[in-house]
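Each chain gets a letter, A, B and so on, in the order the sequences are listed, and its residues count up from 1.
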Amino acid sequence: MTNNKRTVTCGQLDESWAGKKVTLNGWVHRNRDHGGIHFLNLRDHFGMTQVVIDEDADESLKNDAESLKIEYCIAIEGTVRQRPDSMVNNDMKTGSIEVKANSITILNSCETLPFMIDEESEANENLRLKYRYLDLRSQGMQKRIKLRADLAFAVREYFDGQDFLEIETPTLIKSTPEGARDFLVPSRLHEGKFFALPQSPQLYKQILMVSGFDKYFQIARCYRDEDARGDRQLEFTQIDVEMSFVSADDVYAMTEGMYAHIFKKLMNIELTPTFEKITYHDALNYYGSDKPDLRFELKFQDFAPYVEKGDFSVFKSVLSSEKGAVKAMVVPGAAAAYSRKKITELEDEAKKFGAKGLAWMKVTADGLDGGISKFYSETASVITEGLGAKEGDLILLMGADWKTSCNSLGAVRSKLGKDLGLIDESEFKFCWIVDFPLFDYNDEEQCWEPAHHMFSMPQDRFIDSMEENPGDVLGDLYDLVLNGYELASGSIRVHNPELQQRIFNIVGFPKELAEERFGFLLEAFKYGAPPHGGIASGLDRLAMIMAGKQSIREVIPFPKNNVGLSPMDECPANVDEEQIRDLHLQIIKSE
RNA sequence: GGAGGAGUAGCGAAGCUGGUUAUCGCACCGGCCUGUCAAGCCGGGGAUCGCGGGUUCGAACCCCGUCUCUUCCGCCA
């Protein structure tokens with residue numbers, strides 16, 4: 001390699017190098033043989049450089065050039081020269097120069113590729129994952145993996161400047177109940193016992209606060225054994241943070257500072273210092289989602305005041321039930337574009353979320369038309385005026401219990417946002433979702449359960465009378481939402497053993513089980529635990545959004561696929577009988 | 001666990017209501033070509049049409065079953 005070792009990379013040459021001798025190492029990205037003259041695009045991590053084998057090159061060099069195929073790994077020794085004005089390629093960073101080759105050395109050849117290595121490979125994802133090393137060579141993947149590394153660096157830089165310590169926590173931990181399904185790790189030394197992989201470092205970071213570390217962060221790998229989606233998979237990385245002696249406002253400020261630093265540094269975007277806050281109730285009520293995409297409006301309105309003025313019995317019966325609600329969404333100018341068939345598509349979307357149907361009306365010059373308009377002909381002007389609808393608008397209506405009504409119309413809202421192109425992809429709209437209820441009533445089990453988890457603090461004003469009506473209790477809980485994705489989630493924690501016990505009582509969590517599962521945390525709280533709270537941001541999701549992608553697999557070097565497999569190394573996989581025996585396990589085959 | 005969509009050369013796709021030598025682009029092989037940058041032109045090889053069964057004179061196409069992938073719901077404190 002001595003003589004072939006690169007002196008420059010493929011991304012750094014410009015006119016100032018003209019006349020200099022250089023050696024380049026990289027991969028043959030494209031190969032254009034014109035007979036007399038021959039061009040190569042040589043690619044490495046840093047960029048692309050055009051190499052020329054001139055017509056006056058000697059025969060052996062021409063033969064060497066001819067033998068090259070795409071993705072051969074080669075070394076080129078040659079001279080940099082400025083391109084004539086008419087040959088400058090402005091789409092290329094190094095487009096003002098080219099390297100006239102003196103010698104070509106093949107460092108390694110390459111078989112016929114399973115797919116072309118391009119910015120955006122069209123190969124199906126499982127094939128890309130099987131040959132991930134090739135897929136990762138593409139400039140797009142190289143850029144995204146670098147973005148991810150830069151992101152992690154910016155995070156550390158920010159916290160370092162704020163007196164935070166990065167502290168590692170174990171990945172072989174105790175399985176705790178609630179939440180997602182744990183990944184279990186059988187113990188060899190302790191027959192029949194198991195570790196779990198952490199769903200998050202939650203309990204450890206709280207213990208670290210009890211230990212007096214004051215400000216903790218960690219870029220932590222987390223594991224949840226649940227079905228994957230575009231924005232989640234079995235293992236993922238979170239930016240985990242916990243602080244002592246803080247209120248929610250302190251956590252907001254710290255988090256906003258972190259995102260401001262990241263976006264300024266990596267994208268040169270100035271984020272507005274204080275992110276909008278929306279209550280959980282309003283998010284659902286107006287946008288139909290606890291993670292609303294605020295890049296477009298389409299806010300819901302209450303249609304209940306108009307129901308009595310019309311004859312549509314479905315809505316009347318919805319409102320007669322205790323939790324019934326009728327929501328309206330005015331879609332400006334969409335009447336013409338939305339035929340009955342296209343509205344049916346919207347309805348199908350709503351039905352996925354439990355809606356029975358989707359009612360609609362179109363606003364015309366004379367009033368309302370189509371759908372259920374005949375039931376409201378008398379009050380058309382009152383409705384259009386009240387809803388602020390104009391001629392050519394489409395009014396979508398959803399009647400169901402409040403939650404179903406909001407959620408299903410929210411799904412329609414999301415679809416419309418995409419279909420109508422209402423989303424400006426260059427925008428980053430953050431918002432805090434606050435005032436989450438602490439408890440949810442489980443109708444099937446007839447009991448209260450924690451809406452998030454059992455360690456979140458109720459807001460002050462509810463503490464004294466928490467037991468009277470648990471459903472009204474709001475917690476010191478918050479989510480950070482960006483462009484319709486839940487990006488971070490956190491809370492101020494309970495640090496007082498008595499309060500913690502009252503919460504266990506409300507959700508019917510047995511004292512003995514609490515002792516068994518996280519007795520160590522409850523014990524720790526008895527020894528002068530400081531008030532504390534924190535937040536965890538999804539690093540994969542953040543990288544995905546910054547990269548403008550729809551899937552976190554585009555920013556994870558070696559992701560699992562949608563069914564939890566890794567096509568490259570083919571795991572999970574069988575293991576030897578002996579390994580199973582050592583772990584005191586037995587495989588029970590399912591039917 | 002449920003609903004929709006898809007499986008055709010190494011890759012991406014076409015093939016509508018049954019009859020083709022199964023088509024096209026990229027890649028691959030051979031040839032031509034002095035300025036391309038997704039180079040171009042001429043030629044070539046490569047497909048048991050996911051698998052199994054059925055209907056039919058005849059199936060990539062229709063029917064049944066099955067497997068795999070995929071999007072969504074459930075799940076994800």
Side-chain angles (χ1 to χ4, degrees), chain A residues 29-43 48-57 62 66 69-71 81 83-92 94-95 98 100 110-131 134-135 176-182 199-200 202-203 222-234 236 345 348-355 407-408 411 414-415 436 438-440 449-456 475 477 479 486 489-491 503 507 509 518 536 538 550-551 561-563 565 567:
Chain A
H29 188 69
R30 285 281 139 74
N31 201 357
R32 294 181 295 277
D33 182 0
H34 289 233
I37 192 166
H38 190 143
F39 300 99
L40 297 175
N41 283 356
L42 192 67
R43 187 197 71 237
M48 191 105 72
T49 297
Q50 172 160 290
V51 175
V52 193
I53 297 91
D54 271 336
E55 72 272 20
D56 59 6
K62 283 187 171 175
E66 254 174 65
K69 307 282 171 239
I70 286 180
E71 292 308 307
R81 74 182 178 203
R83 296 197 202 181
D85 284 350
S86 59
M87 277 67 174
V88 167
N89 183 347
N90 289 315
D91 298 331
M92 226 171 149
T94 61
E98 58 195 6
K100 178 188 156 86
C110 179
E111 295 195 357
T112 302
L113 295 166
F115 52 82
M116 286 298 283
I117 293 169
D118 252 312
E119 281 286 326
E120 296 306 326
S121 178
E122 281 168 357
N124 104 25
E125 190 177 30
N126 276 303
L127 194 75
R128 289 176 57 200
L129 292 179
K130 180 173 177 192
Y131 297 96
L134 295 178
D135 188 43
T176 52
E178 307 293 313
R181 205 172 288 117
D182 274 330
Q199 294 181 28
S200 82
Q202 184 64 32
L203 302 186
C222 306
Y223 305 85
R224 290 178 193 175
D225 190 4
E226 299 290 352
D227 288 3
R229 285 288 186 279
D231 65 349
R232 60 178 216 243
Q233 63 148 22
L234 300 181
F236 61 98
E345 285 173 26
D348 289 344
E349 192 66 21
K351 282 179 174 170
K352 287 182 192 167
F353 292 81
N407 277 323
S408 55
S414 298
K415 187 170 164 56
F436 281 88
L438 205 57
F439 306 103
D440 252 350
E449 54 187 30
H452 268 229
H453 63 57
M454 296 182 287
F455 309 109
S456 294
L477 281 131
D479 278 1
E486 181 193 315
S489 184
S491 66
I503 291 173
V507 299
F509 198 77
F518 29 76
Q550 311 290 317
S551 163
N561 71 8
N562 224 29
V563 286
L565 304 172

Does any nucleotide pair with [N] by Watson-Crick or G-U wobble geometry, both distances under 3.5 Å, and what is it?
N: B:rU68; value: B:rA6
N: B:rG1; value: B:rC73
N: B:rU20; value: none
N: B:rG35; value: none

* **Selection from B:rA27, B:rU34, B:rG35 that lies nearest to any side-chain heavy atom of A:Glu98** => B:rG35
* Structure fact -> Quick note, A:Ala123 side chain, CB onward, closest among B:rC11, B:rC69, B:rC75 is B:rC11
* To do: Would you please confirm or rule out a distance under 4.0 Å between OP1 or OP2 of B:rC75 and any side-chain N or O of A:Arg229?
  => no
* To do: For B:rC69, take OP1 and OP2 only and decide whether either is under 4.0 Å from a side-chain N or O of A:Asn562.
  => no
* Structure fact -> Readout for nucleotides 38-43 of chain B: B = base within 4.0 Å of protein heavy atom, S = sugar-phosphate only, - = neither; 5' to 3' it is SB----
* To do: Determine, for nucleotides 3-8 of chain B in 5'-to-3' order, which nucleotides have protein heavy atoms under 4.0 Å from the base (write B), from only the sugar-phosphate (write S), or from neither (write -).
  => ------
* Asked: Any donor-acceptor pair under 3.5 Å between the side chain of A:Arg128 and the base of B:rC11?
  ->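 Answer is no: no donor-acceptor pair is held.
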* Asked: Looking at B:rC76, does its base get a donor-acceptor pair with the side chain of A:Arg232 below 3.5 Å?
  ->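 Such a pair is found, so the answer is yes.
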Taking the [atom1] atom of each, how far is [N] from [M], in whole Å?
N: B:rU23; M: B:rC49; atom1: C1'; result: 13 Å
N: B:rC72; M: B:rG30; atom1: C1'; result: 49 Å
N: B:rA60; M: B:rU71; atom1: C1'; result: 25 Å

* B:rU36 pyrimidine/purine six-ring stacking with A:Phe39, under 5.5 Å and 30° -> yes
* Gap between atoms CG and P, on A:Asp231 and B:rU71 respectively (whole Å) ->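 To the nearest whole Å, that distance equals 12 Å.
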Each nucleotide N or O in nucleotides 46-50 of chain B that has a protein N or O under 3.5 Å away: list the pair and distance.
none

